[in-house]
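Taking it in order: structure first as structure tokens, then the write-up.
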Amino acid sequence: MFNKVLIANRGEIAVRILRACREVGIETVGVFSEADRQALHVRYADEAYLLGPAPSRESYLRADKIIEIAKKSGADAIHPGYGFLAEREDFATMCADEGITFIGPKPSSIAAMGDKMTARETVRKAGVPVVPGTEDVGNLHDEDLLSIAQTIGFPLLIKATAGGGGKGMREVRNIEEMPELIKSARREAESAFGDGNVYLEKLVEGARHIEFQILADGHGNVLHLNERECSIQRRHQKLVEEAPSPFVDEELRQKMGNVAVKAAQAVDYVNAGTIEFLVDKDKNFYFLEMNTRLQVEHPITELITGIDIVKEQIRIARGREMTYRQEDIKINGTAMECRINAEDPFNNFMPSTGMITTNLIPNGPGVRVDSGVYPGFEISPYYDPMIAKLIVWGETRAAAILRMRRALEEYRIVGVRTNIPFHQMLMNSHRFMGGQFDTRFIEERFMVQEERNEADEEIAAVLATLVAHNEQQKASQFVMRNERDTSNWKWVGRWERMHR
Ligand code: MV4
């Protein structure tokens, strides 16, 4: 049982975790880099400590320093959030060795799911469907890959064993182009993960990305909180998530949910985690990977189930048993999340940095904003560009979309470019509204319209005319300040005497 939690993260997720700790009466310790001295998570923590310079390697990835701060401050637990140290087996082990509770799964579960080829084999043996591909683990040489490819058939995918996130992944259309693609996949995987091992899977085309939230306690209870639809993404970065998925019916939900629980059980999972699936147009589903951490998009599951996932993580890490069973988990309405990024949708989603001067946050019925910024905060180029999550709930999917449009209109961020206009266009797209999209939708079918259009130019011309007219009117009534050497008081006095 712990009473003081160190939050080894920054930004909106650090704030989210701090809030949960506050509400349950747990003391908090924050950590920050030199770029984050003024950050919200530093203000909200009971106490906060400097880690080092802005780059993550010198601050938020310094496992040794974070453990040292935990010991110095008397923190007896660490919540890693997402990213940074969240899925590092060695960090979870270091915590255990120091007698600090890691609020997350066991190191062995992190390891088993961190290696994608091992994960695939482990869950396959537990009866979880995986995409047809290479079987059993071990270093596959180029000749093995080429011969196995013939039995799998084309098109197929080369994937990095240490991978995830699409790094080191290559689409192969025929055997001729395969040797070259194996080489480049290995090269990319080696430089990204220090591990050039790859394996093969048949390519599932036009699939959706659907994931199941898992909660497991230390008493053998494993349950799922239903699915999230995550197909709206660009270059493996999710942009919009919704729960439940408009594509999943009750029958498919039950089947996938049961399989997700089996996958978690296969690695003896404890705490919150997520099972990712590919689902093809015929509703065949395949295990992709497991994320052994809290996810960015967890709030949409919170809104449809009424369960506070971060508080559950804390309860589970404290050794408590879950107070509900699978049949108690119900879905209420639809929740949707837009990731608000400091990037320019009209310039190839280029990251945008600078000081936020205005930050008008939408609120009102059914709106939640998880954010780590405020007016005066500087967006630096050191960390990921997500500055807030705009999350809405609606009784139906249509109501959620209408509410998201309203909330996006209310949102005003000045100082950096944001992807809010992208989200507004998406919320008006007929395909999105109809639920007709897969993982290729944004990159292949959805065009971000030009920012400047004729209507805008006309409006700008009318505005400029009005401003010029207004200025001229003022000029005809008053002498311009710089053309006058008398004080305003004297000048008004004279003017009034003259007009008496
Ligand atoms: C696939 C696939 C199609 N077939 N595997 C991308 C990242 C990594 N987690 C797995 N990924 C994929 N694996 C097979 N056998 C398509 C993808 C994929 C994808 C998956 C989820 C969300 C977005 C995606 C975008 C492109 C490709």
Side-chain angles (χ1 to χ4, degrees), residues 1-9 11-28 30 40-41 44-46 77-82 86 101-105 211-219 221-228 241-244 257 260 264 269-275 291-337 363 365-372 388-394 400:
M1 181 79 166
F2 51 84
N3 290 302
K4 193 167 182 178
V5 174
L6 182 149
I7 293 99
N9 217 300
E12 69 85 20
I13 199 62
V15 171
R16 166 72 186 90
I17 297 160
L18 282 160
R19 285 175 171 151
C21 291
R22 252 286 186 265
E23 288 177 18
V24 298
I26 293 176
E27 278 189 272
T28 55
L40 227 44
H41 77 273
Y44 286 180
D46 291 314
I78 294 183
H79 196 308
Y82 54 69
T101 305
F102 177 79
I103 305 179
E211 60 185 30
F212 272 72
Q213 176 68 53
I214 296 290
L215 279 181
D217 65 21
H219 302 269
N221 304 299
V222 185
L223 46 85
H224 71 80
L225 304 186
N226 298 300
E227 81 281 6
R228 295 184 285 254
E241 303 97 341
E242 59 180 296
Y269 204 80
V270 175
N271 216 285
T274 298
I275 309 287
N291 299 310
T292 55
R293 55 169 157 81
L294 180 68
Q295 282 194 268
V296 175
E297 59 271 27
H298 77 277
I300 57 175
T301 300
E302 298 187 319
L303 293 190
I304 61 159
T305 60
I307 291 170
D308 185 317
I309 295 171
V310 179
K311 282 187 192 163
E312 287 302 321
Q313 286 194 288
I314 293 169
R315 285 190 76 251
I316 290 167
R318 280 178 150 182
R320 307 283 293 274
E321 196 170 344
M322 285 190 286
T323 56
Y324 37 82
R325 296 169 181 286
Q326 189 62 56
E327 56 267 30
D328 301 321
I329 310 294
K330 299 267 162 25
I331 300 179
N332 182 25
T334 288
M336 205 170 269
E337 169 179 280
N363 51 29
V367 176
R368 164 176 168 181
V369 179
D370 281 16
S371 167
K389 303 185 304 206
L390 171 54
I391 309 136
V392 303
W393 177 88

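- The salt bridge (Lys or Arg N to Asp or Glu O under 4.0 Å) test applied to Arg22 returns Asp46, not counting sequence neighbours.
- Closest heavy-atom contact between Ala86 and Gly81: CB-O, 3.3 Å.
- In this structure Glu23 satisfies the side-chain contact (heavy atoms from CB on, under 4.5 Å) test together with Lys311, sequence neighbours excluded.
- A search for salt bridge (Lys or Arg N to Asp or Glu O under 4.0 Å) contacts involving Arg368 returns Glu302, Asp370, not counting sequence neighbours.
- The CG atom of Leu223 lies 9.5 Å from the CZ atom of Arg325; values are rounded to the nearest 0.5 Å.
- In this structure, CD1 on Ile331 lies 13.0 Å from CG on Leu303, to the nearest 0.5 angstrom.
- Under a 3.5 Å cut-off, the side chain of His298 and the backbone N or O of Asp308 do not form any donor-acceptor pair.
- Exactly one residue among Glu337, Gln213, Glu242 makes a side-chain hydrogen bond (donor to acceptor under 3.5 Å, both in side chains) with Arg228. That residue is Gln213.
- Taking CD1 of Ile300 as the reference point, atom CG of Asn226 lies at 11.5 Å (rounded to 0.5 Å).
- Ile307 has its side chain within reach of Ile329: a pair of non-hydrogen atoms, C-beta onward, lies under 4.5 Å apart.
- Glu312 and Tyr324 share a side-chain donor-acceptor pair at under 3.5 Å.
- Between atom NE2 of residue His41 and atom CD1 of residue Ile17 there is a gap of 10.5 Å, rounded to the nearest 0.5 Å.
- In this structure the side chain of Phe102 never reaches within 4.5 angstrom of the side chain of Asn271, judged on heavy atoms.
- The two residues Leu40 and Ser371 make their nearest non-hydrogen contact at CD2-O, 4.1 Å.
- For His224, the ring-ring contact (aromatic ring centres under 6.0 Å, His included) partners are Phe212, not counting sequence neighbours.
- How far CG of Leu18 is from CD1 of Ile7: 4.0 Å, rounded to the nearest 0.5 Å.
- To the nearest 0.5 Å, the span separating OH on Tyr269 from CG on Leu215 amounts to 9.5 Å.
- Partners of Glu12 by salt bridge (Lys or Arg N to Asp or Glu O under 4.0 Å), not counting sequence neighbours, listed by chain and number: Lys389.
- For the pair Ala264 and Val222, the tightest heavy-atom approach, listed with the atom from each and the gap, is CB-CG1, 4.2 Å.
- Residues Ala20 and Ile314 come closest through the heavy atom pair CB-CD1, 4.4 Å.
- Every residue meeting the side-chain contact (heavy atoms from CB on, under 4.5 Å) condition with Ala77, not counting sequence neighbours, appears here in chain and number order: Phe2, Val5, Thr101, Ile103.
- Between the side chains of Gln295 and Thr274, at least one donor N or O sits under 3.5 Å from an acceptor N or O.
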*Evaluate the side chain to side chain contact (heavy atoms under 4.5 Å, CB included) criterion for residues Ile26 and Arg318: first the C-alpha distance (whole Å), next the side-chain angles of each, then the deciding distance (0.1 Å), finally the verdict.*
CA-CA 12 Å; Ile26 293 176; Arg318 280 178 150 182; 3.5 Å; yes

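- Scanning all heavy atoms of the two residues, the minimum distance from Ala388 to Val369 falls at CB-CG1, 4.3 Å.
- Here the closest heavy-atom approach between residue Thr28 and residue Ala45 is recorded as OG1-CA, 3.5 Å.
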